[in-house]
**Q** 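Attaching a single structure in structure tokens format; questions to follow.
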Amino acid sequence: MLKIAIQKSGRLYEDSVALLKACSIGISNGGGRLRSVASNFPLEAYFLRDDDIPQYVEDGVADCGIVGENVVFEKNKKVSVEEPMGFGKCRLSLAVPKANYFGGIGSLQGARIATSYPHLLRTFLAKNNVEADIHEISGSVEITTGIGLADCICDLVSTGSTLISNGLREVQTILESQAVMIASENLEAGKREILDKLLFRMRAVNRSKNHKYILLNAPDDKLADIIRILPGMKSPTVLPLAASGWSSVHSVVQEDRFWEVIEDLKANGAEGILVVPIEKMVV
Ligand code: PRT
Ligand code: ZN
């Protein structure tokens, strides 16, 4: 049985449980439960505060866990980072009151900086030969400049709207982060095997989120161009249509190139283009 630590509530809980569900593994902390055993996979989930997850994994109380990279690097525990999970994306950034001049990182010499990430901030400042006065606080970092506690803040940002509504301007990113799977450095062989199976499923689910299945009709004399545009997983499937001189082409397209590819296909004679989501993608 593999023991996995998951955030009890908060920004990562729902996405973590949804990813496991997409891997056909059902767990839930319904009714404030602290543990849940999956019925069809050798997995037991512990629901914990995200800040505690790296320590539990280092100690081997949990074998693995899903937590933000920002927390993993801040806590600096001996754990292995196994795989990005594709959610919980954010960045740790420095921000200053928007009316204030910012003359680069060097201008933070002697500044008072409020943060919940003192280790990451200290490391970043040391690399840039800046000595500043770090005020560690556990929450509401964004209000500290307004109340005169700090000149600058170092906090997580996703949309940026919290900074804007507090009159702050993002000036420097320190770390790009997302949720990752971490694991104990010395997992026993049986547990390693279960974790590898789980990661294999997660990869298949996450890959599918970044791809679409595409079907289209093309005149046979345009097939060569269309196949060049649609490389597919190995190569596209080409099937003859009942109407002579036409074929149906099936392939897989990366989400981030999607519109570009569609425009290119149309310009090269493709018709009746259908796009379908993919549930799992195993390569
Ligand atoms: O109770 P527990 O300790 O488990 O949870 P928590 O309150 O410490 O963490 P939680 O649930 O807020 O966040 C968990 C993880 O989600 C973080 O460690 C990050 O890895 C990730 N994450 C992603 C974020 C954000 N986006 C985010 N925007 N965590 C926090 N924020 C906060 C940020 O601190 C700021 O207050 O949201 C605000 C900024 O958001 P925008 O959209 O206005 O820029
Ligand atoms: Zn926390």
Side-chain angles (χ1 to χ4, degrees), residues 3-20 27-36 45-59 61-62 64-77 79 81-98 113-121 123-124 134-147 149-150 152-183 202 206 209:
K3 290 177 285 182
I4 187 169
I6 285 177
Q7 193 189 20
K8 181 162 56 140
S9 61
R11 290 170 192 265
L12 304 182
Y13 169 75
E14 274 177 24
D15 285 330
S16 302
V17 171
L19 179 57
L20 287 167
I27 53 151
S28 142
N29 72 351
R33 272 191 293 168
L34 297 180
R35 301 161 85 160
S36 169
Y46 290 178
F47 300 104
L48 302 166
R49 282 201 59 195
D50 67 344
D51 315 71
D52 298 332
I53 291 177
Q55 181 74 62
Y56 277 103
V57 171
E58 182 185 281
D59 293 346
V61 176
C64 62
I66 298 177
V67 65
E69 275 174 306
N70 50 304
V71 174
V72 178
F73 297 140
E74 177 63 28
K75 299 292 175 188
N76 203 17
K77 301 291 175 196
V79 295
V81 176
E82 299 279 326
E83 184 88 16
M85 298 281 96
F87 58 82
K89 290 184 180 164
C90 58
R91 53 195 186 274
L92 183 65
S93 287
L94 291 168
V96 298
K98 69 171 186 284
I113 312 179
T115 190
S116 309
Y117 293 88
H119 173 68
L120 286 171
L121 176 59
T123 310
F124 174 83
I134 299 176
H135 288 250
E136 181 179 354
I137 56 169
S138 59
S140 304
V141 175
E142 65 280 0
I143 65 163
T144 54
T145 56
I147 59 174
L149 185 74
C152 173
I153 69 160
C154 170
D155 198 11
L156 297 177
V157 182
S158 50
T159 61
S161 62
T162 303
L163 292 184
I164 291 170
S165 59
N166 285 281
L168 293 159
R169 176 166 62 101
E170 189 175 359
V171 291
Q172 172 77 43
T173 298
I174 290 185
L175 175 80
E176 295 278 354
S177 176
Q178 66 171 299
V180 287
M181 177 75 82
I182 56 168
M202 287 176 159
N206 280 335
K209 284 186 197 153

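Values reported hereafter were calculated over all heavy atoms of this structure, with side chains retained and with hydrogens, waters and symmetry mates removed. In each ligand, atom 1 is the first atom listed, and ligand 1 is the first ligand listed.
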**Q** Verify the distance criterion only: is there a donor paired with an acceptor across the side chains of Glu170 and Ser93 at less than 3.5 Å?
**A** yes
**Q** Going through the checks in order, is the side chain to side chain contact (heavy atoms under 4.5 Å, CB included) test met by Asp155 and Glu142?
**A** CA-CA 8 Å; Asp155 198 11; Glu142 65 280 0; 3.7 Å; yes
**Q** Show, in sequence, the C-alpha distance, side-chain angles and deciding distance for Leu156 and Tyr117, and conclude whether the side chain to side chain contact (heavy atoms under 4.5 Å, CB included) test is met.
**A** CA-CA 9 Å; Leu156 297 177; Tyr117 293 88; 3.4 Å; yes
**Q** In terms of residue, atom name and distance, what is the protein heavy atom nearest to atom 28 (N) of ligand 1?
**A**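 That would be Ser158 OG, 3.0 Å.
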**Q** What atoms of ligand 1 come closer than 4.0 angstrom to any heavy atom of Gly68?
**A**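 Here the atoms of ligand 1 in question are 20 (O).
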**Q** I'd like to know whether OH of Tyr56 has more than 12 heavy-atom contacts from other residues, nucleotides or ligands below 6.0 angstrom.
**A**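 Not buried by this count: 12 neighbours or fewer within 6.0 Å.
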**Q** Between Met181 and Met202, is a side chain to side chain contact (heavy atoms under 4.5 Å, CB included) present by the stated rule, with each step listed?
**A** CA-CA 10 Å; Met181 177 75 82; Met202 287 176 159; 3.7 Å; yes
**Q** List the closest protein heavy-atom neighbour of atom 8 (O) of ligand 1: residue, atom name, distance to the nearest 0.1 Å.
**A**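 Residue, atom and distance for the closest contact: Asp50 OD1, 3.3 Å.
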**Q** What do you reckon, does Thr162 have a nitrogen or oxygen under 3.5 Å from a nitrogen or oxygen of ligand 1?
**A** yes
**Q** Please state which part of Cys90 comes within less than 4.0 Å of ligand 1, counting heavy atoms only: side chain, backbone, both or neither.
**A** side chain
**Q** Using a 3.5 Å cut-off on N or O atoms only, is Leu163 in polar contact with ligand 1?
**A**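 There is no such contact.
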**Q** Find all atoms of ligand 1 within a distance of less than 4.0 Å from any non-hydrogen atom belonging to Thr159, and give their numbers and elements.
**A**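 Ligand 1 atoms under the 4.0 Å threshold to Thr159: 41 (P), 42 (O), 43 (O), 44 (O).
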**Q** Distance to 0.1 Å, residue and atom name: give those for the protein heavy atom nearest to atom 34 (O) of ligand 1.
**A**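 Answer, as residue, atom name and distance: Asp155 OD1, 3.5 Å.
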**Q** To which protein heavy atom is atom 1 (O) of ligand 1 closest, and what is the distance rounded to 0.1 Å?
**A** Arg49 NE, 3.7 Å
**Q** Taking atom 18 (O) of ligand 1 as the point of reference, which of Asn70, Asn166, Val72 owns the nearest heavy atom?
**A**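 Among Asn70, Asn166, Val72, the closest heavy atom to atom 18 (O) of ligand 1 belongs to Asn70.
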**Q** Counting only heavy atoms, which portion of Val67 has something under 4.0 Å from ligand 1: side chain, backbone, both, or neither?
**A** neither
**Q** Rounded to the nearest 0.5 Å, what separation is found between the NZ atom of Lys89 and the OG atom of Ser177?
**A** 11.0 Å
**Q** Could you walk me through whether His135 and Thr144 satisfy the side chain to side chain contact (heavy atoms under 4.5 Å, CB included) test, starting with their C-alpha distance in whole Å, then the side-chain angles of each, then the deciding distance to 0.1 Å, before giving a yes or no?
**A** CA-CA 10 Å; His135 288 250; Thr144 54; over 6 Å; no
**Q** As an exercise, identify every atom of ligand 1 less than 4.0 angstrom from a heavy atom of Gly10.
**A**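 Counting from 1, the qualifying ligand atoms are 11 (O).
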**Q** Around the Zn ion (ligand 2), what protein N, O or S atoms are found below 2.8 Å?
**A**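 Counting only protein N, O or S atoms under 2.8 Å from the Zn ion (ligand 2), the list reads Asp50 OD1, Asp51 OD1.
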**Q** How far is atom 13 (O) of ligand 1 from its nearest protein heavy atom, and which residue and atom is that?
**A**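 Minimum-distance protein heavy atom for atom 13 (O) of ligand 1 reads Arg11 CD, 3.5 Å.
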**Q** Calculate, to the nearest 0.5 Å, the distance between atoms CG and OG belonging to Leu149 and Ser140 respectively.
**A** 11.5 Å
**Q** Out of curiosity, Ser16 OG to Phe87 CZ, how far, rounded to the nearest 0.5 Å?
**A** 3.5 Å
**Q** If we ignore angles and hydrogens, is there a donor and acceptor under 3.5 Å between the side chains of Asp59 and Gln55?
**A**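 Note: Asp59 and Gln55 side chains meet the donor-acceptor criterion.
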**Q** Distance from Leu34 atom CG to Lys8 atom NZ, nearest 0.5 Å?
**A** 7.0 Å
**Q** Rounded to the nearest 0.5 Å, what separation is found between the CD atom of Glu83 and the CG atom of Asn206?
**A**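 Going from CD on Glu83 over to CG on Asn206, the span is 7.5 Å.
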**Q** Which ligand 1 atoms does Val71 reach within 4.0 Å, using its non-hydrogen atoms?
**A** 18 (O)
**Q** Leu94 and side chain to side chain contact (heavy atoms under 4.5 Å, CB included): which partner among Leu121, Val157, Ile153, Thr115?
**A** Leu121
**Q** Examine the proximity of ligand 1 to Gln7 and report which part, side chain or backbone, both or neither, has a heavy atom under 4.0 Å away.
**A**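 For Gln7, only side-chain atoms sit under 4.0 Å from ligand 1.
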**Q** Which atoms of ligand 1 are found less than 4.0 Å from any heavy atom of Val157?
**A** 44 (O)
**Q** What distance do Tyr13 atom OH and Asp50 atom CG have between them, rounded to the nearest 0.5 Å?
**A**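 Going from OH on Tyr13 over to CG on Asp50, the span is 15.0 Å.
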**Q** Can you tell me the protein heavy atom closest to atom 35 (C) of ligand 1 and the distance?
**A**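 Nearest neighbour among protein heavy atoms for atom 35 (C) of ligand 1, to 0.1 Å: Leu156 O, 3.6 Å.
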